[in-house]
Amino acid sequence: MPVFLLACLSGFAQSGLDYYLPKDVSYNPKIPTPKDFLGYEVGEMHATPYEINAYWKEVARLSERFKVETYGKTYENRELIFITVTSPSNLSKIDQIRSEHKKLTDPSQSGSLNIKNMPVVVWLGYSVHGNEASGTNSSLLTAYYLAAAEGKGIDSLLNEAVIVVDPCINPDGGTRFSSWVNQNRSSRLVSDVNSREFRETWPGGRTNHYWFDLNRDWLYQQLPESRGRLVKFYEWQPNILTDHHEMGSNATFFFQPGVPARTHPLTPQSNIALTEKIGRYHAAALDKIGSLYFTQESYDDFYYGKGSTLPDVNGSIGILFEQASSRGHLQETVNGTLSFPFTIRNQFSCTLSTLKAGKEMRMELLAHLRDFHAEKPKEDIKAYVFGGGNDPVRTWEMVNILKRNQIDVYKASKSEKVGNVEFPGESSFIVPLSQARHRLITSMFEKRTTFTDSSFYDVSAWTVPLCMNVPFAESKTGLTLGEKVLENPFPSGKVVGSSTFSYLFEWDGYYVSRAAYELLSRGFMLKYATEPFTGYADGKQKAFGYGTIQLVCKGKDPAALLDSLAKRDGITFYAQQTGLTPSGIDFGSAKFKVMETPVVLMISGDGVDYNDAGEVWHLLDQRVNYPLTIADINQVNRINLSKYTHIILNNGRYGELSEEAIRSFVVRGGTLITLGEGAVWASQKKISALGIKPGVSNNGSEKRPYALKEVYDGAMETAGTIFETKIDISHPLCYGYKQNTLPVFKVNNIAFEDTRNPYDTPLMFTAAPLIAGYVHPKNYERFKSAPAAVAQRAGAGRVISFSDNPNFRAFWYGTNKLFLNAIFFGKGI
Ligand SMILES: [Zn+2]
């Protein structure tokens, strides 16, 4: 321990770059050091993402070993760069090397490859979490070393390896964080844990622009950072992918393998063995500099949406690194004073040990990638079929997700009936298992409910058709494939007929609320049907369901506008010539209610779950084109709330929020939408009339070993599980749904009490609701038949309470409509 402290406190200050760099090579003086370029030594300040990219580009300009590309732009318009580093001779034929390497994933070609002559591909990825800065700052050293180091060792590394680098995965979050720590840095560093330097203001720099955790988006890729990155991942199919993070300041250093019992069963044993073998290189590197570390604890390899796990189900080896965070420049910890340079050195040392492992294990890693993709599926399932349903947009996005993951998708050749489900030929798709990525496919379609361990670092289920609410089935006999899907055009709608009187459109499509808001904001009157009726489509009678929108034209035909909305939002508009319907309510009926233009305020700030709040912001801004007002709790306590029609309380703690202000908002006619702990708060303050079931613990009279406490407590968490609900499609909250059941996602243990009112519970868990994922039996009992969404009147207003989050990580398309309905139809409840 004393050696470690000495190293961390004094090593850097005196010796600059020498503190970090290997001494067994010489360095090309033509390559500027990070200090030459930035004006300060690595670790002395927090380099901003802009500076980090600029340094990589400058080094690339001067080095024959580097090639820089841009793979995307963030929401804040920051560039995402990607650098290929290898020997100049490899670089001159890099496209050929890449296409040969890619053949390893194609069983029809991989057998003829001679891996002896092929370079290994190592991917280095830094700081997906913006406030875990040692990774991305260490990439400055990676850049310098790979460009400037000279000698036999580096030459043979660059001959035998292609190193691809994502130096700053999350520049929007990284910019927030680096600004914070640099602006709070004193020239005499302050290590007191209470210093403002270590306490970022809400929401902090971990997440991207919309407060998303980018390290949960690798599989479904709803965000531009991930979408661009995964294009590069599948282009390169690296043999190793590193994912450099930070953890709590009192920890040491972690590298994978993680907890053995918590590895996803679809990850092959050979992956775990290779991970262990690579780990020995990290251990040796950290031993050499006297840094403490641990493995096989705390972190797992289960959810495939993370940077260190998605590679594992694709024949690559994903490696998670977690460094104890100095969070600023120097911080007191239980292990002594932790300096930023010390954390950077550990990350850089593990970059070098990864490269060494990659080079020395080259043949094994290449063989693993080849054999992984050549393996035949063992499942008795031959294919998955999906589609039909009432919304082609969600099916379209599901096809996109599969295709983005290099999965072959085929159109159905004819209508299929599998079990009880009919799949119409024209709108259904088939994914056969007999393709190289069958393990990945299984992980995305299976409904796993048994597990070897009951603790999860992240979610326990992510079945894609359930997230998208798209009908699907598995086939054990195989299905006749239609043509392979190459292009996947957006399912445009159309305008049927013309009218200066009225148009109808159904509420089924994913983007209907975007079209509705556009029409409202342009001054159109919209009315929605609270009962089904029959109208006309191209002169023929057509049935229209609950929530159908009547657009009142008032003498002018908005055909051109509707045509553009039909294309943009995938909606079909049906011109109507008369308000007298063949059956059901007529157009002038009071059962067509006027849709109000929502004026929505979302409450943010300390205590609010920034992920959940960010999901709402992203949904409304990016997918509804709606201008959401977001205000912090302390500001809300001071402003006049009467201009808003809706207030959103996401999951979070609202101890500082004025309950009087919120109560009077509701009583005077406002709609309060509460989710998760937000619903619990409104219940506790008696703003809603909702009851919350008491929690349960795993403890009883039985005595247990103290050491097992964590295991028993962990087993009580509902970390992300898919349940079935029964829905009332006649309730405004469920307009646009056609089936009577809906899968929902649960990431908490909140359970609502029955309301004893027959009409206020449009969404209830079924009597045996578990579809996929883990739940403890004691919690399961509480969830069975419990309300999942409740809409209650309160004074002149109403409170809509969701026990869970219908907007989870932007890939739960299936339940977004419930949330949006609370905004667009809330007033009518
Ligand atoms: Zn992290």
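Because the structure is a prediction, the values reported are computed rather than measured. Throughout, numbering of the chain's residues begins at 1 and tracks the sequence. Indexing begins at 1, ligand by ligand and atom by atom, following the structure's order.
- For the pair ND1 of H245 and ND1 of H129, the angle whose vertex sits at the Zn ion (ligand 1) is 100° to 10 degrees.
- F66 and W56 have their aromatic ring centers within a separation under 6.0 angstrom.
- The closest side-chain donor-acceptor pair between R437 and N405, if any, does not fall under 3.5 angstrom.
- Side-chain contact, D243 with H245: a donor N or O sits under 3.5 Å from an acceptor N or O.
- The pair E132-R206 meets the salt-bridge criterion, with a side-chain N (NZ, NE, NH1 or NH2) lying under 4.0 Å from an Asp/Glu carboxylate O.
- Distances from the Zn ion (ligand 1) to the N/O/S atoms of E132 are shortest for OE1.
- Between the Zn ion (ligand 1) and E246 there is no N/O/S contact shorter than 2.8 Å.
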